[in-house]
Amino acid sequence: MTTLTKTLELKLVEPNAHKRRKLRETREAYQQALHDAFDAGCTTQTEANDVVVNYKLSGYAKNALKKYVPQLTTTYNAGELHDAHPVRFTNEGLRLDHKPENAIEWYVKIPHHEDYHLWMPAQPNPEQRDWLEALNAGDATMGESRLFERDGTWYLHVTATRDAEGGSEVSDEERTPIGVDIGEASLVTVCHRDDHGCPTAPELWADEGKTVRRLRKTYFTATRRLQTRGSERIAESFGDDLWNQIDDVFHRVTREVVDYAESVKNPVLVLEDLTYIRESMDYGEYMNRRLHGWGFAKLHAQIRYKAVEKGIPVKTVNPRNTSKECHACGEVGYRPQQATFKCTNDACWMGEYQADVNGAVNIADRYLSGESRFREHENDDDSAEDGGRLTAPQDSQADATKQETLGTYAS
Ligand SMILES: [Zn+2]
């Protein structure tokens with residue numbers, strides 16, 4: 001078992017004037033305490049404590065200073081202080097909250113001074129989403145954090161650590177790709193091919209799909225009703241409770257997906273590349289997945305960090321047509337019902353197949369090339385699809401703004 005450490009960057013999203021003032025107050029108090037303790041030549045925590053104790057700062061900032069100043073004066077032997085020191089907080093100084101129903105999904109609690117803190121919306125680096133999911137679930141540990149302003153924007157750098165299992169020395173070709181399909185009817189579907197190339201051991205989380213759909217529907221109808229009655233507070237806590245229930249389902253399912261992978265020899269989990277999803281889908285499919293985009297990203301992030309904990313590699317592939325192609329012949333078919341895929345190739349043996357399993361096998365099959373197994377056999381006539389794709393929205397702004405911001409954090 002090894003430990004991974006990373007610095008996560010969060011951008012604070014447009015703090016209002018009040019919150020900006022509070023952030024500047026924290027920074028000014030911190031800088032003064034730092035300079036005073038430094039100028040007093042404090043070389044121990046106790047000496048530093050005597051200086052910083054009088055400042056209007058949170059215990060997290062004071063404790064960080066008690067550790068930091070003796071380092072500056074002894075270890076680094078710093079002659080003078082530079083102007084711009086970030087405000088440091090000791091571990092657990094920050095708190096993170098996830099509100100997937102909001103346009104800005106992540107919130108961070110920043111200590112101001114004793115008993116006073118600020119909840120602020122924050123935009124993480126999207127590539128660090130697995131780390132945030134791990135922190136939020138308590139599967140990663142938060143270390144020291146630093147608050148600073150750059151070109152008028154406030155940022156937080158948060159150190160985080162989590163466990164990882166060293167991967168085995170197996171070449172890419174020797175691995176067994178497990179396709180992971182995230183969908184509507186079945187929340188997640190996994191499948192892989194056996195030694196003979198036959199799809200085997202499909203597993204579907206269909207009941208969980210139903211549960212999540214029900215919870216989400218309850219959320220939208222009930223919170224809207226509560227809001228029109230003016231019960232914002234009740235709507236919010238009721239909403240939080242429902243999203244927590246959805247998150248519990250997600251955590252259980254993603255744990256089971258990783259368990260499935262562990263039961264396969266030399267596994268690699270194959271997911272659809274979310275960054276492709278916009279370009280590669282027709283309008284209906286795009287809008288459908290756009291609505292559930294948060295669920296996609298959340299499930300992916302949870303699978304990623306749980307796979308790393310077990311030393312299982314994860315790879316992403318182009319999702320284009322994974323739900324429309326026949327896994328046996330590559331022909332584009334259709335769905336007579338939500339759960340059924342029908343191949344339209346007369347020469348193909350397959351006929352009908354479980355649609356989500358077909359998708360999962362297609363995803364697995366793209367493991368080595370990143371593309372469809374059949375792509376090279378196709379002529380380049382994609383025109384029908386390209387026509388369909390032209391109607392896809394060019395910008396996600398329109399529907400992003402429609403999402404209501406329900407979170408109202410008081411500070
Ligand atoms: Zn076929």
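All values below were derived from every heavy atom in this structure, side-chain atoms included, with hydrogens, water molecules and symmetry-related copies excluded. Both counts, for ligands and for their atoms, begin at 1 and track the order of listing.
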Using the ring of each side chain (for Trp, its six-membered ring), is Trp349 parallel, tilted or perpendicular to His327, with breaks at 30° and 60°? perpendicular

Does the pair Lys298/Glu105 count as a salt bridge with the N-to-O cut at 4.0 Å? no

Would you call the rings of Tyr116 and His113 parallel, tilted or perpendicular, taking 30° and 60° as the class edges? parallel

Distance flag, aromatic centroids of Phe148 and Tyr155, threshold under 6.0 Å: yes

Any salt bridge between Asp259 and Lys310, counting N to O under 4.0 Å? no

Using a cut-off of 2.8 Å, find all protein N, O or S atoms closer to the Zn ion (ligand 1) than that distance. Cys326 SG, Cys329 SG, Cys343 SG, Cys348 SG

For Lys306, is there an ion pair with Glu262 - N to carboxylate O distance below 4.0 angstrom? no

